[in-house]
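Below: the structure, in structure tokens.
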Amino acid sequence: TARSFSNTPLSRGQLMDLLWAGQGITDPARGLRAAPSAGALYPMELYGAIGRSSVTGLEEGIYRYSPRGHFLEREGGEDLRRDLATASLSQMWMAEAPVSLVICGIYGRTTRKYRDRGFRYVHMEAGCVAENVFLMAGSLGLSAGIVGAFVDEEVAAVMDLPKTVSPLLIMPVGYSK
């Protein structure tokens, strides 16, 4: 995984390709997505912390990816990458990346059907999403890291996540130095 990033911005198309690889719809008729999901319940939510001048054609802020329609919704207007790094046990190298993707889960979508075993399925799905993002990053000439060491409540507060949304992994993405 990468731990050092240049300040070269990503294109909006690159960001959208990364998000599609994580949760994009591959079969519109059936609603299937790029990452497998137990019972096709899709508990994953993808957010991005975008820095100033980090993605061409996109303002800084917090964004949520909407697989249906393949678009971004701006949730907040500040560059919070440093705050996100601080919430990640002060791993400040993360703040260098133009984008940090935050892979989140909504456990209730899966535990409703699979009860306690649903927690395991959500975690497995998060790993599949992360691997897809790693593969897409490599194919686009980008590098990515992966962070699981963070204080959940602090990351949720930085990202202003709804109470039902739990942060599971953070993936800083950009060009390597």
Side-chain angles (χ1 to χ4, degrees), residues 1-3 5 10 14-27 30-50 62-68 70-73 75 80-81 83-85 87-89 91 93-94 97-140 142-174:
T1 66
R3 297 260 189 270
F5 298 93
L10 278 65
Q14 287 173 315
L15 176 60
M16 296 308 290
D17 285 349
L18 291 166
L19 294 166
W20 180 89
Q23 279 294 279
I25 294 178
T26 59
D27 183 340
R30 296 188 298 163
L32 300 177
R33 297 188 188 178
S37 181
L41 298 171
Y42 302 109
M44 296 293 105
E45 294 285 333
L46 298 183
Y47 288 81
I50 312 294
I62 302 298
Y63 291 83
R64 187 180 66 80
Y65 176 62
S66 179
R68 294 189 205 299
H70 185 59
F71 66 92
L72 291 171
E73 290 186 61
E75 302 280 317
L80 297 174
R81 293 173 301 156
D83 295 339
L84 188 58
S88 299
L89 308 181
Q91 297 182 71
W93 62 269
M94 294 170 55
V99 172
S100 278
L101 299 180
V102 182
I103 300 170
C104 300
I106 299 176
Y107 290 111
R109 289 184 187 165
T110 305
T111 58
R112 200 175 11 231
K113 180 173 182 176
Y114 296 109
R115 294 194 283 252
D116 285 346
R117 192 151 192 87
F119 291 102
R120 184 176 303 180
Y121 295 156
V122 169
H123 296 161
M124 291 181 341
E125 188 171 335
C128 293
V129 169
E131 185 64 22
N132 283 0
V133 171
F134 271 126
L135 291 169
M136 181 59 78
S139 75
L140 297 171
L142 301 169
S143 296
I146 192 163
V147 176
F150 52 81
V151 179
D152 294 27
E153 296 79 14
E154 291 179 21
V155 168
V158 168
M159 301 299 292
D160 195 24
L161 298 175
K163 296 280 184 216
T164 58
V165 178
S166 300
L168 302 173
L169 293 168
I170 301 171
M171 296 187 73
V173 182

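- The environment of CG in D27 is crowded: more than 12 heavy-atom neighbours from other residues, nucleotides or ligands sit within 6.0 Å.
- The two atoms that bring A49 and R81 nearest to each other are O-CG, 3.9 Å, heavy atoms only.
- Heavy-atom minimum distance, A2 versus W93: O-CZ3, 3.6 Å.
- Considering every non-hydrogen atom in both V122 and G105, the closest pair reads CG1-CA, 4.3 Å.
- Nearest heavy-atom pair, I146 versus M171, reported as atom, atom and distance to 0.1 Å: CG1-CG, 4.2 Å.
- Panel note: side chain Q91, backbone S88; a donor-acceptor pair is recorded below 3.5 Å.
- Between atom CG of residue L101 and atom CG of residue L15 there is a gap of 6.5 Å, rounded to the nearest 0.5 Å.
- At least one donor-acceptor pair closer than 3.5 Å links the side chain of N132 to the backbone N or O of A34.
- Across all their heavy atoms, V129 and A35 have their closest contact at CG2-CB, 3.7 Å.
- For the atom pair NE2 (H123) and CG (L169), the distance works out to 9.0 Å, reported to the nearest 0.5 Å.
- For the atom pair Y121 OH and T111 OG1, the distance stands at 12.5 Å (nearest 0.5 Å).
- Taking 4.5 Å as the limit, some side-chain heavy atom of R33 sits within range of a side-chain heavy atom of P67.
- Residue D152 places its CG atom among more than 12 non-hydrogen atoms of other residues, nucleotides or ligands, all under 6.0 Å distant.
- Between Y65 and H70, the two ring planes are perpendicular [angle over 60°; tilted spans 30° to 60°].
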Please walk me through it: do V133 and L46 pass side chain to side chain contact (heavy atoms under 4.5 Å, CB included)?
-> CA-CA 11 Å; V133 171; L46 298 183; 5.6 Å; no

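- For the residue pair L142 and V173, the shortest heavy atom distance occurs at CD1-CG1, 4.2 Å.
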